[in-house]
Amino acid sequence: MKIIFVIAAFVLLIFVKNLAFWSKSQTFIFGDTAIYSLHLATLANNLDRILSPKDTILGWNPNFLAVGLPSLSVVDLGWLYPPNLIIVAIARISGDSLNVFPLYIFSILLHLIFSSFFVYKILNGIWKLNRFSSLIGALIWSFNGFNLEFSGAAPIMIAGSYLPLCVYLTLREGQRPAIGRNFFFFFLALAFSFLIGYPMVTIVIYALCLSLKFFTLEVFEKKSVFRLLYYHLKGFFLVTFPIILPLYLGSYALLGYTTRSFLSLEGFLSNPAPLLNLTEPFIPKNTLFNTLNATNSVLLYFSLVGIIILFQSRFKSNFLSDRKNIALLTIGLIGLILSFGGLTFLPSLIYFLLPVLNVFRRLSVFTIIPSFAFSLLGAQAVSSALENKKLSKVSIFWIGFLAILLIYTQVLSTLYSNSTQAENPFNHIYLYQSLFLSAVITGLTFFALLQPLTERRLAQSLLILVLLTEAGTSTFSKMPLNSKIDPH
């Protein structure tokens with residue numbers, strides 16, 4: 001219970017700007033999230049019409065305009081997702097359908113907390129890490145690139161929030177697949193992820209879980225593989241398929257009326273994660289002090305605190321001796337490559353080999369895999385980093401490199417201080433602010449890690465505080481999460 005409270009407090013604090021209803025500076029989660037909230041508000045407003053015996057059939061009609069779109073043929077409206085139905089019901093009972101907007105934001109935060117808690121459960125229950133290391137992994141996951149970026153496109157984030165639970169149930173199942181409680185809840189969780197309506201994410205979750213299962217088979221032989229596939233097909237068609245059938249049958253029947261029809265290769269490769277996102281933890285485009293990039297779309301973000309923990313651990317956590325970690329690292333790298341879109345040949349190969357995927361276009365959703373792998377692997381280095389009281393060679397290199405960049409930027413700031421913005425070769429002031437923020441996070445992280453062993457409590461508290469600073473900065477600087485437009 002204490003762990004849930006800490007995770008919940010962390011998530012609510014980094015989103016406090018969006019929750020501050022008492023403040024004139026409150027901002028709102030906008031982008032696609034506001035669009036889906038609007039559809040749920042319209043559903044709440046038309047609930048009596050949809051549920052009436054006379055008009056029920058209209059829910060399946062491509063010309064039904066209750067939400068302005070072909071209803072059940074547009075799967076990502078999430079009409080049949082139980083938490084969304086609860087939101088709609090509460091808004092309807094309250095008498096104001098626009099109450100859907102704050103309720104939907106609250107739902108996003110609850111899904112983040114729920115998802116982060118199961119990262120903790122994986123680390124503490126499966127990898128047998130101590131509670132603090134497991135908590136660090138959970139907190140890093142809560143604001144890693146995928147979760148924070150897609151809070152502005154809530155169906156994607158909510159669908160992805162089931163990944164930790166599915167992995168936890170997969171690894172808890174043991175070596176021999178059998179129809180039991182973990183098996184049943186795995187396919188139920190998969191069904192809930194499908195119902196939110198962004199199936200590409202759920203397919204990625206299922207593929208990751210199956211891959212982990214294959215990697216961790218003690219005896220990789222034909223009989224074991226066929227047994228695993230048999231049980232998974234059985235579970236999918238007995239549990240998941242009946243639950244999602246109404247939604248996806250309607251979607252398939254009316255596919256031609258929607259924008260989710262089959263895509264060309266060029267369309268499939270669209271919306272990748274930019275390669276330069278990888279520099280964001282070190283030199284962030286936006287900080288608390290500026291909005292250099294009006295959209296600040298960062299689809300790949302790996303916590304700087306987590307990276308420093310890996311540096312300082314000297315990679316001595318021996319995680320590569322664990323088959324599960326080798327699987328995570330391999331799958332994470334594949335997911336990273338896929339998320340880059342046309343930068344490599346791999347997505348094109350998948351497009352032609354797996355034609356079912358050609359109805360999807362947002363390859364950046366594959367960032368969920370490296371984000372998840374980083375959270376689990378980074379957490380396993382926490383104990384080693386806290387025990388190592390001398391700076392590692394990689395840590396010394398990073399500190400030196402950062403110092404040189406700060407000095408260089410300060411020189412530029414002095415040289416161009418009297419110049420107009422148009423005459424500047426680049427925005428050196430914003431660069432200085434970004435590097436200064438990175439330097440503060442770096443300094444505080446090393447200060448926490450290098451505390452004497454007798455001050456372990458102080459070191460742990462400082463590390464969580466630095467994570468909160470990094471996560472809060474990243475959240476506050478994201479424009480889709482901080483719109484000045486009140487949906488009401």
Side-chain angles (χ1 to χ4, degrees), residues 6-7 9-17 116 130 132-145 148 279-290 298 301-315 317 374-375 378-407 409-410 430-478:
V6 173
I7 293 172
F10 186 90
V11 170
L12 295 178
L13 280 172
I14 64 176
F15 281 91
V16 68
K17 194 173 182 181
S116 300
N130 61 56
F132 180 73
S133 297
S134 303
L135 177 62
I136 293 297
L139 297 184
I140 289 175
W141 166 252
S142 72
F143 71 95
N144 253 3
L148 206 54
T279 64
E280 185 70 17
F282 307 103
I283 310 174
K285 295 185 185 74
N286 287 13
T287 67
L288 294 172
F289 317 109
N290 69 69
V298 182
Y301 184 90
F302 298 106
S303 165
L304 178 57
V305 174
I307 292 170
I308 292 171
I309 287 171
L310 285 169
F311 286 170
Q312 186 59 11
S313 71
R314 298 185 181 181
F315 303 94
S317 58
F374 177 81
S375 301
Q380 294 175 62
V382 172
S383 292
S384 298
L386 284 169
E387 289 167 5
N388 183 20
K389 297 306 171 186
K390 292 183 179 179
L391 289 173
S392 68
K393 291 180 180 179
V394 182
S395 298
I396 293 170
F397 173 80
W398 164 239
I399 292 172
F401 182 70
L402 186 60
I404 291 169
L405 281 178
L406 281 168
I407 294 169
T409 308
Q410 184 59 40
Y430 283 173
L431 178 60
Y432 182 71
Q433 291 172 344
S434 296
L435 290 172
F436 178 76
L437 182 67
S438 297
V440 168
I441 292 172
T442 297
L444 289 175
T445 303
F446 279 116
F447 182 72
L449 294 176
L450 297 176
Q451 287 293 309
L453 291 174
T454 54
E455 300 293 336
R456 180 59 64 93
R457 290 272 182 164
L458 175 62
Q460 292 176 346
S461 300
L462 282 172
L463 208 53
I464 291 176
L465 183 62
V466 182
L467 268 179
L468 185 62
T469 303
E470 181 187 8
T473 301
S474 185
T475 306
F476 274 43
S477 66
K478 284 191 171 292

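- In this structure, F476 places its CZ atom where more than 12 heavy-atom neighbours from other residues, nucleotides or ligands lie under 6.0 Å away.
- F302 pairs by the ring-ring contact (aromatic ring centres under 6.0 Å, His included) definition with F374, not counting sequence neighbours.
- Interatomic distance, T442 OG1 to I307 CD1, rounded to the nearest 0.5 Å: 9.5 Å.
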When the side chains of residues 447-460 are checked against the rest of the protein, which donor-acceptor pairs come out under 3.5 Å, sequence neighbours left out?
{"unit_1": "Q451", "atom_1": "NE2", "unit_2": "F447", "atom_2": "O", "d": "3.2"}

Could you pull out all donor-acceptor pairs under 3.5 Å where a side-chain atom in residues 463-471 meets a protein atom, sequence neighbours excluded?
{"unit_1": "T469", "atom_1": "OG1", "unit_2": "L465", "atom_2": "O", "d": "3.0"}
{"unit_1": "E470", "atom_1": "OE1", "unit_2": "S303", "atom_2": "OG", "d": "2.9"}
{"unit_1": "E470", "atom_1": "OE1", "unit_2": "V305", "atom_2": "N", "d": "3.3"}
{"unit_1": "E470", "atom_1": "OE2", "unit_2": "Y301", "atom_2": "OH", "d": "2.5"}
{"unit_1": "E470", "atom_1": "OE2", "unit_2": "L304", "atom_2": "N", "d": "2.6"}

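- Every side-chain contact (heavy atoms from CB on, under 4.5 Å) that A439 has, sequence neighbours left out, goes to L402, L406.
- Taking the ring-ring contact (aromatic ring centres under 6.0 Å, His included) definition, one finds that F282 meets it with W398, sequence neighbours left out.
- Rounded to the nearest 0.5 Å, atoms OG1 (T473) and CD1 (I14) are 10.5 Å apart.
- Using a distance-only test at 3.5 Å, with no hydrogens or angles considered, a donor-acceptor pair links the side chain of S392 to the main chain of F311.
- Smallest separation of non-hydrogen atoms from I441 and T445: O-OG1, 2.6 Å.
- With rounding to the nearest 0.5 Å, the separation of CD in Q312 from NZ in K389 is 8.5 Å.
- Atoms CG and OG, on L139 and S134 in that order, are 11.0 Å from each other to the nearest 0.5 Å.
- Of the possible donor and acceptor atoms, one in the side chain of S434 sits under 3.5 Å from a partner among the backbone N and O of P284.
- Between the CG atom of N388 and the OG atom of S395 there is a distance of 7.5 Å, given to the nearest 0.5 Å.
- In this structure, S384 and S313 approach most closely via the heavy-atom pair CB-CB, 3.8 Å.
- Contact record, I309 with G378: CG2-O, 3.9 Å, taken as the closest heavy-atom pair.
- If you take CG on L310 and CD on Q380, they are separated by 10.0 Å, rounding to the nearest 0.5 Å.
- For residues 135-144, the pairs satisfying side-chain hydrogen bond (donor to acceptor under 3.5 Å, both in side chains) are S115-W141, N144-S375, with sequence neighbours left out.
- Of all heavy-atom pairs spanning A138 and S116, the tightest one is CB-O, 3.2 Å.
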